[in-house]
Amino acid sequence: MSTEDHPAPRSLAEALRGRDDTALGALLRSRPDLITPVPTDLTQLATRAGTRASVVRALERLDRFALQTAEALAVAGDPASYDELLGLMAGDDRDPEVAAALPAALAALREQALVWGADDRLRLVRTARELLAPSPQHPSPTGLGPSVREATAGMSPGRIQEIVAAVGLPSTHDSVSAVQALAALFTHRKKMARLLAAAPAESREVLERLMWGPPYGQVTHDPAARLRWLLDRGLLLPTAPGTVVLPREVALHLRAGRAHRAPEPVPPAVPAASAHRPQVVDATAAGQAYTALATVEELLTDWNEGGPPVLRAGGLSVRDLKRTAVALDLPEPVAAFWVELAYAAGLLASDGEADERYAATPAYDEWLERPAPERWALLAQTWLTATRTSGLVGGRDAKERALSALGPGLDRSAAPEVRHRVLALLAALPEGAAPDPEAVLARLRWERPLRGAQSTPSAQGQRTEEDLRARLARWTLAEAELLGMTGRGALSAHGRALLGAHTEKAPRTEPHGPGDKLPFHHHRAPGALEPLSPAEQAVAAAAAARLLAPLLPEPLDHVLLQADLTAVAPGPLQRPLAAVLGVLADVESKGGATVYRFTPASVRRALDAGRTAADLHAFLAAHARTPVPQPLAYLIDDVARRHGRLRVGAASAYLRCDDDTVLNEILADKRAAPLRLRLLAPTVLASQADPAALLDGLRALGYAPAAESADGDVLITRADAHRTPPRTPPEPVPDGPPMPDATLLSAAIRAIRAGDLASTAPRRPADPAAPRPAPGELPRTSSAETLATMQAAVLTGEALWIGYVNAEGAASQRVIAPVRVEGGFVTAYDHTADEVRTYPLHRITGVAELASD
């Protein structure tokens, strides 16, 4: 039974015409580039499906066994029967595993319009055959060489007859029949076995070396006896001076009919390398999730007052990335990951100022106000779909330019697909099970043979692409652990919930025979992502947050103060407490408990933010489980007593103080010489430095000056003062055209069907003696004939075929059912557009009635 409904399609267009809407939808889903833009009819769809760019893309998205099947068809006859294909794939012994998997692989090729025709006349699309068939420039992955007919194309008739006679065949009157007889001998198992049985052992060794490819070899002008024996009988054929080739038919006989040395009908298994209790996995992942939130928060707190400058070419400098890594106490590649994730989530961006710097965005403040599980879900969802790849930071692009964090050139469109597929493989394991990374890589290589492999000769950079896809998978495993999607290498419950919205929902059932049809979606490329609605994303995020929430530690409302001017937070702190304590003290160490240290500079920072000494004493008393140590109370009072006695304002800059002895002390201090101070009045000093430099200089000398406004009021500086204008997160770079949703798919199929009806409907010319228009040619009738035919169709209700030119000059063919003709316009139901439309009569080039049959 044939997969195509048409009994004997003569072209790919006819084969597509015989498909139902479900099968046509499966094609457009698996190859979305075919509806960008929507074809006018099935003939144009078939033409587009055969273009080189589209075929290369389709071949690259096949799994290993489907690709091997296509490669076998490329070396089979054209057309080939299913039995011939089965022999090439399963060999003479008909490997049962290969035979069982072949129908599904062939169905995948048919679904994607790479193969068409009945089982007795299978045809590989011509472009695919050109890409996959053996040639001297592009060897086939099968290792096979040219056929006898191809290899003898330039050989003299006399030499061909000599070969025919040497193998014991009767001579013929022409070279064509002689080559056919030689090919028939080489494909006859018993006769070929007898011929090879008479071959010297050294000659058989030569054949065995060439058997699995490459099939070409070098010979001298005077070949050795073992080679001469093979050349005389056509078992080796010359292709160029000094070069011989093993004919395809001979190689297939030596291989027992197999086109591939090692067919791979079954994907490699991904077994569990280790197992843990699911509760342990979830707890470990939750700990990492909490660390992820704390790391992003610490990063953006560090950049609150303006982060590193933006390089002229974009991105962070190597020095700034290193400084950020030191501040976060992380390796540079891990720091680059968090920087890129915050950028992709829209939490940081460049401020767009003349002296452009990175800073937190207003979205960061909104993110901070959300519960911790929701904040984690946003980061994890961003990571799943982002195409920016932090693992590339520090490498070089194709032009040998350095790739920097937050800079251009880090987008890799395959990243979301690889991440999703790696996590989907983890989700298929039992809960708590972690796989071997090498098993995951082997499975990914089977599901999507690497771009640039020999199967697609047009692609370049095989090694580079192979390394990239393998590295993407390894980075996914490492980043998922950093983010808390996985714990101890196993997928967590909240990670599984977040991944659920991105997994395939279509059922998968295997066909039972070579001609059985497959359900819609069956052969979508592994890892291909369905377009998700915002509602689906929200549902997944809410489910993940709900599972994560009980695993995160509850925020605390207290700290433990110690006499050595430190405070210990035994767990995460509530947002207001953490914000104030982050200004009042410096973080000394992190871990299960965070240690804060109080210093004169940190207390002054809190005073600069508008707090008073009384405020700070009350704050510590309210949130400390222990009495406020006397050294800490003295430190606050001492800094507060001196804070603001000196006032810095703008003249160029001035410094005033009610206590003139303090000003005299500063003037006498040699360390103040760079500030270039001079006395204007007993309580005022002027400086040639700007106010900010004067503030920093005095603080470096151990004073506690305060900035003041033009009105003499103390300026309050807050840690979160600097924010970028509203910024949108970077858009992921798609890997080709997006997957069409159900609405677009339905509309596209309807338009293609209607256009095909218009282009293929049988027509009856107005003048029976006039010739019918050629296919694709618009009908031509006079204005009077057009009007009369339209008016008659209104009365009879018949459909008409018209040619129409729109206002932009684009011509098209349409099938319409006229409803009304008046005022130079015809109102009709347009079968092509599936709606009622009005057309100016002067834009209709001609009209023809549809044939009665």
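Side-chain atoms are counted along with the backbone in the values below, which use heavy atoms only and exclude waters and symmetry mates. Numbers here simply count residues along the sequence, with the first being 1.
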Does a donor on one side chain and an acceptor on the other come within less than 3.5 Å for Arg48 and Ser54? no

Going from NE2 on His260 to OG1 on Thr69, what distance comes out if it is rounded to the nearest 0.5 angstrom? 7.0 Å

Within the 4.5 Å heavy-atom criterion, are Leu231 and Pro223 side-chain neighbours or not? yes

Let's go through Ser147 and Glu249 carefully: what are the C-alpha distance in whole Å and the side-chain angles of both, what is the deciding distance for side-chain hydrogen bond (donor to acceptor under 3.5 Å, both in side chains) to 0.1 Å, and is it a yes or a no? CA-CA 6 Å; Ser147 64; Glu249 293 86 347; 4.6 Å; no

Spacing of Glu111 atom CD and Arg29 atom CZ [to the nearest 0.5 Å]: 11.0 Å

Please walk me through it: do Arg753 and Asp21 pass salt bridge (Lys or Arg N to Asp or Glu O under 4.0 Å)? CA-CA 9 Å; Arg753 293 285 191 203; Asp21 286 356; 2.9 Å; yes

Closer than 3.5 angstrom, by distance alone: can the side chain of Arg248 be matched with the main-chain N or O of Gly145 as a donor-acceptor pair? yes

Distance col, row Thr243:OG1 vs Leu237:CG, nearest 0.5 angstrom, shows 13.0 Å

Are side-chain heavy atoms of Arg17 and Thr43 found at a separation under 4.5 Å? yes

Between Pro740 and Ile35, is any pair of side-chain heavy atoms under 4.5 Å apart? yes

Distance col, row Arg258:CZ vs Leu252:CG, nearest 0.5 angstrom, shows 12.0 Å

Take Arg421 and Glu417 through the test salt bridge (Lys or Arg N to Asp or Glu O under 4.0 Å) and record every step on the way to the result. CA-CA 6 Å; Arg421 191 56 195 148; Glu417 175 196 319; over 6 Å; no

Kindly indicate, with the supporting measurements, whether the criterion salt bridge (Lys or Arg N to Asp or Glu O under 4.0 Å) is fulfilled by Arg126 and Glu130. CA-CA 6 Å; Arg126 180 176 56 82; Glu130 292 173 355; 2.9 Å; yes

For Pro267, does its backbone N or O pair with a side-chain atom of Arg443 as donor and acceptor, under 3.5 Å? no

Can you check whether Phe186 reaches Leu235 side chain to side chain, under 4.5 Å on heavy atoms? yes

With a 4.5 Å limit on heavy-atom distance, are the side chains of Val164 and Thr172 in contact? no

About how many Å separate CZ of Arg129 and CG of Leu114, when rounded to the nearest 0.5 Å? 12.5 Å

Interatomic spacing from CZ in Arg445 to CZ in Arg64 - rounded to 0.5 Å: 8.5 Å

Checking Gln68 side chain against Glu264 main chain: does a donor-acceptor pair fall under 3.5 Å? yes

Could you list the residues that satisfy salt bridge (charged side-chain N to carboxylate O under 4.0 Å, His left out) with Glu162, not counting sequence neighbours? Arg159

Taking the six-membered ring of Trp229, is the NZ or CZ of Arg233 close enough (under 6.0 Å from the centre) and on axis enough (within 45°)? yes

Could you report the tightest heavy-atom contact between Leu169 and Ala181, atom names first, then the distance? CD1-O, 3.7 Å

Test item: Glu71 and Leu59 side chains (from C-beta on) under 4.5 Å apart, heavy atoms: no

Could you tell me whether Arg94 atom CZ has more than 12 heavy atoms of other residues or ligands within 6.0 Å of it? yes

